[in-house]
Colleague: 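Structure below; questions to follow.
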Amino acid sequence: MAWDEWEQLKATHGDRGSTAVQLDQRPAEAGGGAAGEAGGLRHSAKPWTRAAVTAEHLGTDTHKARGDLSQGHAGMTAGLTGLASLAELRTVLDSWEKRLDSVRDECRSLAPKLRQVAADLGGVDTATGAKSDAVHTPTKDESR
Amino acid sequence: MTSSLTWRQLRDLKLTELDEAADGWGAASRFADAAQTRVDGDLAGALSKSQEGESATAAVDRFKRLSRNYDYITTECGLVRTAVSGLSADLAAPRSALTGALHDAAAHGFTVHDDGSVTYPAGGTNELTGASFPGGTVGGRVSPLGPPVGPYAPGGPRLLTPGLQPGSTQLLNPNPHHAVAQGVADRIARAVREAREVDERYRQTLAKLRAPEGLAVDAGTWADAAADMEAVRDAAYEQVKREIPMDATPAERKAWWDGLSGDRQTEYLASYPDVIGNLDGVPAVVRDEANRENLDLLIAAYAERKGEAEEARYGGLREIRHQLELNAAARLKDPKEPPMLLLGIGDEGTGRAIVAVGNPDTSRNVAAYVPGLGTALDDHFARNDVRRAYDTAVGARQKDESSSAIVWLGYDPPQLGGADAPKLLDNIEVMSSAPAEKGAPAYNSFMSGLSATNDHADPHLTAIGHSYGSRLVGAATQESGGIPGADDIVLVGSPGVGVDRAEDLGVGKDHVFVGAAENDPVTMLPSKKEAAVGALLSASPPLAYLAADIADQGDDDIWFGKDPASEAFGAHRFAVDDGPRPLIDGEGPTPAHSNYFDPVRDRVSADNIAAVVAGQPELIVAEKHR
């Protein structure tokens, strides 16, 4: 993780440094369109659309991460015969593959739900008095 | 032990495959870490609008659960990484020992059998007959001169040399190959046994790291994660030492951390939050990040524990998290509010907590305050002692914005009673220098770390000791080299520091500042010569106070040596409020002992401390010596 991501991480934990500045920005790795979105935040639907995009990306990325994890164990059997811990590691791997699949499925299922919220809010121009609290930040408790 | 690894299997292990697997877990942990950042980034903006209907609320809840999942995956995959890389590294030593033994066997023309026994050829010369002594076979032993044990114990089909069974005098075998073969067989047996132990240890540990099904991440999940971390730490204790420079100096650790790739930093943070978080020399924001993770794990672990001390600890941990949340909220309202960083957290002894107000790495002025008598990691500490650091930081920042103040609970202060008192022999320990001397090296390591990670070439560091904490500061000055980097020392409410002259504290007597309230009995504890009077203190505070007052007349010695407020000690004494009188004023036995940092109850004292911390001693309001 690059250092600026570190800073991002700090910011999302909401406690120091440039928190207030960072929180209303989209993390750089979440894909393009960060510039010019600051103004968009005034629209109540926009953040939901953005969250939907994040969920879609994370669905894809989680799937890839799961594949990479499996791939990292691909050559393991032949060269590690006889290790009791290896059999256990396989069981552990299976369980986490399943968990990552569940997370991936959740991302995929969540994306349309988030889009629906955006749609329910009536698109980009029906900011229902959300101007003042558009960048309200949840407490740490809420964000974990 | 269920591992049945054979020597052939040990020989043929491709440990690089385990290393690759470990890297895979590290990558998964890093991915989840970054994913959580993305989710939380969106939570901050979009999901604050959960008031906008049921579907929005449901979506927010699921998005939060997603964040918790990524957090959990970060931690657990980090633990698997540690376990797998530890397994690989721990197998390397026995494998290397085996390889060496097999090499020697080959060099001598021995045959190593499946069960690890070794056959040697005929050798030597029988001087009577001129013939060679016959060859034979020996089984390996895991302890010298012991019988073959474990997997190679007698009972199986083996070809031991007649007359050389276990218990016989094998050393007398005249064939010179025999002793060599026995050595080889022993080394093989020991290598296999060690590898099996490693294998079994990690098998058991890995079994704890299976992911539960579904998406739930709740308090129970985190309690399990805390237990998982402990299990991995136990199994992979050698690996921690391989990966983290525990024995290095703080400056060396700083260089080590800076030299790590970003990937490695993230992995270590996920794998060892408890180690990295408390490692002097690691940058403050990194420690803070690690400790917040560790704080959550500790809270989860303590939620179920019973007992007075355990519940006190739980309350303290939770209150620290609450204080961090309050600080985050305050900072959103007011950008000038100094950030709070958790530089240390742990449950050893009476608890460990180091909280900074203001970033100590970016601040030019940094003060580290050592709390005293009766302090433990509990609710009271998390509110009041942290508040002292806060008040000091805010006061100093009014004079120099580049200031940070820290409360350092990195030792076991003597307890006067309450939840943690049973941990100590009895209250007499209050009067002992031992806890201070024991804690001093840790304080010096911490101070050295502050210098190492500070952005400024020569930061202005102040050591502050309150009450018994001043005795610890005194002890720290007497360690080799004194307190690293300390420019100024502040002693408040001190029962003496174990040193009789300010100039012996290592910073020059002009840099030692003392606050002692007239009505603070702790600053007037009788000297040890008057121990009979002192013994009254714990029994009956009002009596002791009066007695001490009388006994102290014309005497500048107090419990731990010369009174720091005395002329003979030679420090600058600064003005403080007299404070309420013990008991008479209705605020308990020692009210004046607790106000030195409080800008409301003792403005002049708090301002004076802030002036020292800010490096502006010219602003101090002086007081004449006692």
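A, B, ... follow the sequence lines: proteins, then strands. Residue 1 opens every chain.
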Colleague: Heavy-atom pairs under 4.5 Å with chain A are the metric here; pick the option from B/Val198, B/Thr16, B/Leu91, B/Ile73 that has the most.
Modeller: B/Ile73

Colleague: Given the options A/Asp105, A/Leu69, A/Thr91, A/Leu93, which has more heavy-atom pairs under 4.5 Å with chain B than any of the others?
Modeller: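 Result: the option with the highest number of such pairs is A/Leu69.
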
Colleague: Based on non-hydrogen pairs under 4.5 Å, which of A/Glu106, A/Lys113, A/Gln116, A/Lys64 is most in contact with chain B?
Modeller: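 Highest number of pairs under 4.5 Å: A/Glu106.
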
Colleague: Would you please say whether a donor-acceptor pair under 3.5 Å links the side chains of B/Thr37 and B/Tyr70?
Modeller: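 Their side chains do not contain a donor-acceptor pair, so the 3.5 Å distance test is not met.
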
Colleague: With a 4.5 angstrom heavy-atom cut-off, which part of B/Arg8 approaches chain A: side chain, backbone, both or neither?
Modeller: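 Contact with chain A: none, neither part.
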
Colleague: When only pairs under 4.5 Å are counted, which of A/Leu100, A/Thr49, A/Asp94, A/Val103 shares the most heavy-atom pairs with chain B?
Modeller: A/Val103

Colleague: Considering only heavy atoms, which portion of B/Leu206 lies under 4.5 Å from any heavy atom of chain A: side chain, backbone, both, or neither?
Modeller: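 Contact with chain A involves both backbone and side-chain atoms of B/Leu206.
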
Colleague: Let's test your reading of the structure: which of A/Ser85, A/Gly72, A/Ser102 forms the most heavy-atom pairs below 4.5 Å with chain B?
Modeller: A/Ser85

Colleague: Within the 4.5 Å heavy-atom criterion, are B/Val217 and B/Arg65 side-chain neighbours or not?
Modeller: no

Colleague: Below 4.5 Å from any heavy atom of chain B, which atoms of A/Ser70 appear? Answer side chain, backbone, both or neither.
Modeller: neither

Colleague: Considering only heavy atoms, which portion of B/Asp199 lies under 4.5 Å from any heavy atom of chain A: side chain, backbone, both, or neither?
Modeller: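 Contact with chain A is through both the backbone and side chain of B/Asp199.
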
Colleague: Side chain, backbone, both or neither: which part of B/Leu13 has a non-hydrogen atom closer than 4.5 Å to chain A?
Modeller: both

Colleague: Counting only heavy atoms closer than 4.5 Å, note whether B/Leu18 contacts chain A via side chain, backbone, both or neither.
Modeller: both

Colleague: Could you tell me whether B/Glu267 and B/Arg30 have a side-chain N and a carboxylate O separated by less than 4.0 Å?
Modeller: yes

Colleague: Given that the side chain runs from C-beta out, which part of B/Ala27 has a heavy atom under 4.5 Å from chain A: side chain, backbone, both or neither?
Modeller: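 No part of it gets close to chain A.
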
Colleague: Any idea which heavy atoms bring B/Asp258 and B/Gln265 closest together, and the distance?
Modeller: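 Where B/Asp258 meets B/Gln265 most closely, the heavy atoms are CA-NE2, 4.4 Å.
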
Colleague: Check whether the side chains of B/Asp33 and B/Thr74 place a donor and an acceptor atom closer than 3.5 Å, and report yes or no.
Modeller: no

Colleague: Let me know if B/Val80 has heavy atoms under 4.5 Å from chain A in its side chain, its backbone, both or neither.
Modeller: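 For B/Val80, the side chain is the part near chain A, not the backbone.
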
Colleague: Heavy-atom distances under 4.5 Å only: say whether B/Pro212 touches chain A with side chain, backbone, both or neither.
Modeller: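 When you check distances to chain A, atoms from both the backbone and side chain of B/Pro212 fall under 4.5 Å.
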
Colleague: Flag the pair B/Asp90 and B/Arg201 as a salt bridge only when some basic side-chain nitrogen lies within less than 4.0 angstrom of an acidic carboxylate oxygen.
Modeller: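 Looking at B/Asp90 and B/Arg201, the cut-off is met.
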
Colleague: Considering only heavy atoms and a distance below 4.5 Å, find which of B/Ala28, B/Pro335, B/Ala211 pairs most often with chain A.
Modeller: B/Ala211

Colleague: Side chain from CB out, backbone as N, CA, C, O: work out which of these in B/Tyr202 comes under 4.5 Å of a heavy atom of chain A, or both, or neither.
Modeller: both

Colleague: Step through the shown structure and confirm whether more than 12 heavy atoms of other residues, nucleotides or ligands are within 6.0 Å of CZ on A/Arg108.
Modeller: yes

Colleague: B/Glu337: what forms a salt bridge (Lys or Arg N to Asp or Glu O under 4.0 Å) with it, not counting sequence neighbours?
Modeller: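 Checked B/Glu337 against salt bridge (Lys or Arg N to Asp or Glu O under 4.0 Å); zero matches.
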
Colleague: Who wins among B/Thr205, B/Leu87, B/Asn69 for the most heavy-atom pairs under 4.5 Å with chain A?
Modeller: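 The option with the most such pairs is B/Asn69.
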
Colleague: B/Asp228 vs B/Lys208, test: salt bridge (Lys or Arg N to Asp or Glu O under 4.0 Å). Steps then yes/no.
Modeller: CA-CA 6 Å; B/Asp228 292 347; B/Lys208 298 183 172 127; over 6 Å; no

Colleague: Determine, for B/Arg68 against B/Asp218, whether the closest basic-nitrogen to carboxylate-oxygen distance falls under 4.0 angstrom.
Modeller: no

Colleague: Identify which of B/Ala83, B/Ala330, B/Gly214 forms the greatest number of heavy-atom pairs closer than 4.5 Å to chain A.
Modeller: B/Gly214

Colleague: For the residue pair B/Phe63 and A/Leu114, establish whether any side-chain heavy-atom pair is separated by less than 4.5 Å.
Modeller: yes

Colleague: Heavy-atom distances under 4.5 Å only: say whether A/Ser109 touches chain B with side chain, backbone, both or neither.
Modeller: both

Colleague: Which residues satisfy the salt bridge (Lys or Arg N to Asp or Glu O under 4.0 Å) test with A/Asp101, sequence neighbours excluded?
Modeller: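 Only A/Arg66, A/Arg104 meet the salt bridge (Lys or Arg N to Asp or Glu O under 4.0 Å) criterion with A/Asp101.
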
